[in-house]
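Scroll down for the structure; my scribbles are underneath it.
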Amino acid sequence: MTDTVLSIRNLTAFYGDFQALFGVDLTLQRGQALAIIGANGAGKSTLMRAITGILPSPAEAILLNDRPIGALSAPEVLEVGISMVPEGRRLFPSLTVEENILIGAHSRTGNGYWTLEAIYDLFPILKERRHNPGTALSGGQQQMVAIGRALMSNPDVLLCDEISLGLAPVIIRDIYASFPRIRESGASVIVVEQDIGQALKVADHVCCMMEGRITLSGAPEELSRDAIHDAYFGVSA
Ligand SMILES: Nc1ncnc2c1ncn2[C@@H]1O[C@H](COP(=O)(O)OP(=O)(O)O)[C@@H](O)[C@H]1O
Ligand SMILES: [Mg+2]
C-alpha cells in the first residue's frame with residue numbers, strides 16, 4: 001500500500017447531456033486534510049457524489065487504497081470505507097439525535113474507533129440532546145449529528161460538503177475543533193468549502209475548482225492570494 005489513500009484520475013461526470021466534471025485528477029494522502037474550494041456551481045458536490053458512488057464513474061477513475069472503486073454503488077462505497085457528511089446535513093426528521101447517529105453504524109462493521117460513546121465524547125451537547133428529534137436542534141448541532149453519523153461507519157476517508165454553510169463563525173470554530181480527533185482516529189479528510197479562509201486554515205493541501213476542472217492545487221503556504229483568486233473566479237480581462 002502506498003501513502004495515497006484516495007486517487008482520482010481523469011474523472012468525468014454528467015447529468016444527462018450536461019457535463020459537470022472534465023478530467024479531474026486528485027490525490028489524498030493518508031492522514032491528510034484536503035480542502036476543495038470553488039464558487040457555487042464549480043462542481044464540488046458533483047465530485048463528492050462521484051466519489052461516494054451516487055453518480056456512476058469508470059471503475060479505474062477512483063482508487064481507494066489502490067483498489068478501483070469507481071464502479072461501486074453508494075452502499076458499497078460506504079462499506080469499503082468512504083463516508084460523507086452531505087451538503088445540507090440531511091437528518092431524518094422523524095428520528096432522534098441518537099437514532100440519526102446510529103443509522104451510520106449499519107453501513108460498516110468492524111472494531112473501529114468510533115462508537116456512540118466516542119461521538120458523544122467528541123460532541124457532548126449531543127448526549128444531552130440525544131432523545132430530541134434531530135431537526136429540533138440548532139444548525140450547528142445538526143451538523144454535529146451529521147458528522148457523528150458519518151463517523152459511525154469508521155471511514156478511511158471522510159468527505160464533508162460545505163459543513164460551515166449558514167453557521168455562525170463561533171459554531172464553525174467549534175465544529176472544526178473536532179477535526180484533530182477525527183484525524184487521530186485514522187480518517188483522512190476532504191472538506192469542501194466556499195470559504196477560502198476556512199479552507200486554508202484546516203487543510204494540508206488545497207484544490208480549487210472552477211467550471212468542473214481543478215484550476216489550482218498546492219499547500220496553503222505555497223498559494224498566493226492572486227493565484228487563488230484567479231483559480232476561484234477566473235482570470236478577469
Ligand atoms: N442534479 C443535477 N442535475 C443537473 N445539473 C446539476 C445537478 N446538480 C448539479 N448540477 C450542475 O452541475 C454543476 C456543478 O454543480 P455542483 O457540483 O452542485 O457545484 P458546487 O457544489 O460546486 O456548488 C452546476 O452547473 C450545476 O447546475
Ligand atoms: Mg455543492
Side-chain angles (χ1 to χ4, degrees), residues 6-28 33-58 61-62 69-70 72-75 77-78 82-91 139-140 142-147 149-150 155 157-169 171-172 175-176 179 188-203 205-218 220 223 227-236:
L6 184 72
S7 163
I8 294 175
R9 300 176 191 159
N10 197 25
L11 179 67
T12 54
F14 294 84
Y15 296 105
D17 291 339
F18 178 77
Q19 185 164 5
L21 296 181
F22 298 82
V24 168
D25 293 308
L26 188 142
T27 303
L28 177 67
L34 170 72
I36 297 177
I37 59 175
N40 201 19
K44 306 180 299 299
S45 293
T46 301
L47 175 58
M48 297 302 106
R49 288 182 206 124
I51 295 172
T52 52
I54 296 168
L55 286 174
S57 303
I62 307 173
I69 62 156
L72 300 186
S73 68
V77 171
L78 199 51
I82 300 179
S83 75
M84 173 158 73
V85 183
E87 196 174 7
R89 309 187 273 269
R90 311 232 178 150
L91 303 187
Q142 289 187 31
Q143 195 58 273
M144 292 172 189
V145 174
I147 293 168
R149 179 181 59 190
V157 177
L158 178 71
L159 309 177
C160 298
D161 195 353
E162 303 228 24
I163 52 174
S164 54
L165 197 67
L167 301 181
I171 310 293
I172 296 170
I175 286 177
Y176 273 106
F179 272 55
S188 310
V189 180
I190 298 182
V191 297
V192 166
E193 279 290 345
Q194 281 190 49
D195 180 337
I196 298 172
Q198 185 62 52
L200 295 177
K201 241 187 277 173
V202 301
H205 195 94
V206 178
C207 291
C208 187
M209 289 185 76
M210 190 175 58
E211 295 173 356
R213 294 176 171 86
I214 305 266
T215 46
L216 184 72
S217 171
L223 304 176
I228 292 173
H229 184 278
D230 290 350
Y232 195 104
F233 296 105
V235 183
S236 48

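Computation of the quantities below employed the complete heavy-atom set of this structure, encompassing side-chain atoms and omitting hydrogens, waters and symmetry-equivalent molecules. Order of appearance sets the numbers: ligands from 1, and atoms from 1 within every ligand.
Nearest-residue assignment for atom 18 (O) of ligand 1 (options Gly38, Ala42, Gly41, Ser45; heavy-atom criterion): Ser45.
One of the N, O or S atoms belonging to Ser45 lies under 2.8 Å away from the Mg ion (ligand 2).
Atom 2 (C) of ligand 1 is approached by the protein to below 4.0 angstrom, counting heavy atoms only.
From the protein, the heavy atom lying nearest to atom 9 (C) of ligand 1 is Tyr15 CE1, 3.5 Å. Taking atom 11 (C) of ligand 1 as the reference point, the nearest protein heavy-atom neighbour is Phe18 CE2, 3.7 Å. When only non-hydrogen protein atoms are considered, atom 22 (O) of ligand 1 lies nearest to Lys44 NZ, 2.7 Å. Scanning the protein for heavy atoms near atom 17 (O) of ligand 1, the closest one is Thr46 OG1, 2.5 Å. In this structure, atom 19 (O) of ligand 1 lies nearest to the protein heavy atom Gly43 N, 3.2 Å.
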**Report entry** side chain to side chain donor-acceptor pair (under 3.5 Å) assessment of Tyr176 paired with Ser164
**Finding:** CA-CA 9 Å; Tyr176 273 106; Ser164 54; 4.8 Å; no
Requested in this report: Kindly determine whether Ile36 and Leu26 satisfy side chain to side chain contact (heavy atoms under 4.5 Å, CB included), including the steps that lead there.
Outcome: CA-CA 10 Å; Ile36 297 177; Leu26 188 142; 3.9 Å; yes
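Using a 4.5 Å heavy-atom cutoff, the side chains of Leu200 and Ile228 are in contact.
With hydrogens and angles ignored, the 3.5 Å screen pairs a side-chain donor or acceptor of Gln143 with a backbone N or O of Ile163. Lys44 places no side-chain N or O within donor-acceptor distance of the main-chain N or O of Met209, the cut-off being under 3.5 Å. Formation of a donor-acceptor pair under 3.5 Å by the Arg89 side chain with backbone atoms of Val145 is not found in this model.
The part of Arg49 lying near ligand 1 is the side chain, judged by heavy-atom distances below 4.0 Å.
Ligand 1 places these atoms under 4.0 Å from at least one heavy atom of Ala39: 22 (O). Of all atoms in ligand 1, listed by their number and element, those nearer than 4.0 Å to a heavy atom of Asn40 are 23 (O).
Counting heavy atoms of neighbouring residues, nucleotides and ligands inside a 6.0 Å radius, atom CD of Glu87 exceeds 12 of them.
Of the candidates Leu34, Thr27, Leu28, Leu6 forms a side-chain contact (heavy atoms from CB on, under 4.5 Å) with just one, namely Leu28.
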